[in-house]
Amino acid sequence: QVQLVESGGGLVQAGGSLTLSCAASGITLSSHTVGWFRQAPGKQRSFVARISPTGTASYTDSVKGRFTISRDNAKNTLNLQMDSLNPEDTAVYYCNAFVSYQYFWGQGIQVTVSS
């Protein structure tokens, strides 16, 4: 069965960096389109970044140039490097995979950016 577990969140000051990781089991991440969403308090869950099996990455406009999505195929993990963080990036971040015509989600991890 598919399981996705996020790690690496926490509290950081504005301008700082964090790296999120998503450990996958039950699937091979490199065989699927996988990515990250986030949900801030009082807001809808929104797309952040995704990467295809061919390695093509895409990002929402607000994080372009600051966030980098990648896979570590040997470890079967998905990563999100977040630089130049600002308070608007504060949210619960979710790992996501599209597998067999279904979306699978991690439990979410908190990222808080202080001003």
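Heavy atoms only: backbone and side chains are in, while hydrogens, waters and symmetry mates are out.
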| query | Are any non-hydrogen side-chain atoms of Thr60 and Phe67 less than 4.5 angstrom apart? | reply | no
| field | Linked, directly or transitively: Val34 and Phe37 (ILVMFWY side chains, under 4.5 Å) | value | no
| remark: Heavy-atom closest pair (Ser17 atom, Ser84 atom, distance to 0.1 Å) is OG-N, 4.3 Å
| Closest non-hydrogen atom pair, Ala24 against Leu29 | CB-CG, 3.6 Å
| task | To the nearest 0.5 Å, tell me how far Ile51 CD1 sits from Arg71 CZ. | result | 4.5 Å
| query | Have Ser46 and Gln44 got a donor and an acceptor in their side chains that come within less than 3.5 Å? | reply | no
| field | Donor-acceptor under 3.5 Å (Asn76 side chain, Ile27 main chain) | value | yes
| task | State, to 0.1 Å, how close Leu85 and Leu18 come at their nearest heavy-atom pair, and which atoms those are. | result | CD1-N, 3.9 Å
| Check: Ile69 main-chain N/O paired with Arg50 side-chain donor or acceptor under 3.5 Å | no
| said: Rounded at 0.5 Å granularity, tell me how far CG in Asn96 sits from CG in Leu4. | reply: 8.0 Å
| Full working for side chain to side chain donor-acceptor pair (under 3.5 Å) between Thr28 and Ser30 | CA-CA 6 Å; Thr28 299; Ser30 62; 5.8 Å; no
| request: Rounded to the nearest 0.5 Å, what's the gap from OG on Ser115 to CD on Gln13? Could you check? | output: 9.5 Å
| message | What verdict does the side chain to side chain donor-acceptor pair (under 3.5 Å) test give for Glu6 and Gln107, after you've listed the backbone C-alpha separation in whole Å, the side-chain angles of each residue and the deciding distance to 0.1 Å? | response | CA-CA 7 Å; Glu6 301 96 336; Gln107 81 286 353; 3.2 Å; yes
| said: Under 4.5 Å between side-chain heavy atoms, counting indirect links through other Ile/Leu/Val/Met/Phe/Trp/Tyr residues: same cluster for Val92 and Trp36 or not? | reply: no
| message | So which atom in Ser114 and which in Pro87 form the shortest heavy-atom distance, rounded to 0.1 Å? | response | C-CG, 4.4 Å
| query | Out of curiosity, does Ile109 fall in the hydrophobic cluster containing Val2 (side-chain heavy atoms, cut-off under 4.5 Å, transitive links)? | reply | yes
| query | Less than 4.5 Å apart, any side-chain heavy atom of Phe98 and any of His32? | reply | no
| message | Can you classify the ring geometry of Tyr94 versus Trp105 as parallel (below 30°), tilted (30 to 60°) or perpendicular (above 60°)? | response | perpendicular
| task | Test side chain to side chain contact (heavy atoms under 4.5 Å, CB included) on Met82 and Val111 and set out the steps. | result | CA-CA 10 Å; Met82 304 184 293; Val111 171; 4.0 Å; yes
| query | Does the pair Leu80 and Tyr93 meet the rule for a side chain to side chain contact (heavy atoms under 4.5 Å, CB included), with working shown? | reply | CA-CA 10 Å; Leu80 184 68; Tyr93 284 70; 4.3 Å; yes
| Closest contact, heavy atoms only, Pro53 versus Thr33 | CD-OG1, 3.7 Å
| field | Results of side-chain contact (heavy atoms from CB on, under 4.5 Å) for Asn79 - residues two or more places apart only | value | Ser21, Ser70, Asp72, Thr77
| request: Find the distance between CZ (Phe47) and OG (Ser62) and round it off to the nearest 0.5 Å. | output: 10.0 Å
| field | salt bridge (Lys or Arg N to Asp or Glu O under 4.0 Å) pairs, two or more places apart, involving residues 77-95 | value | Arg38-Asp89, Arg66-Asp89
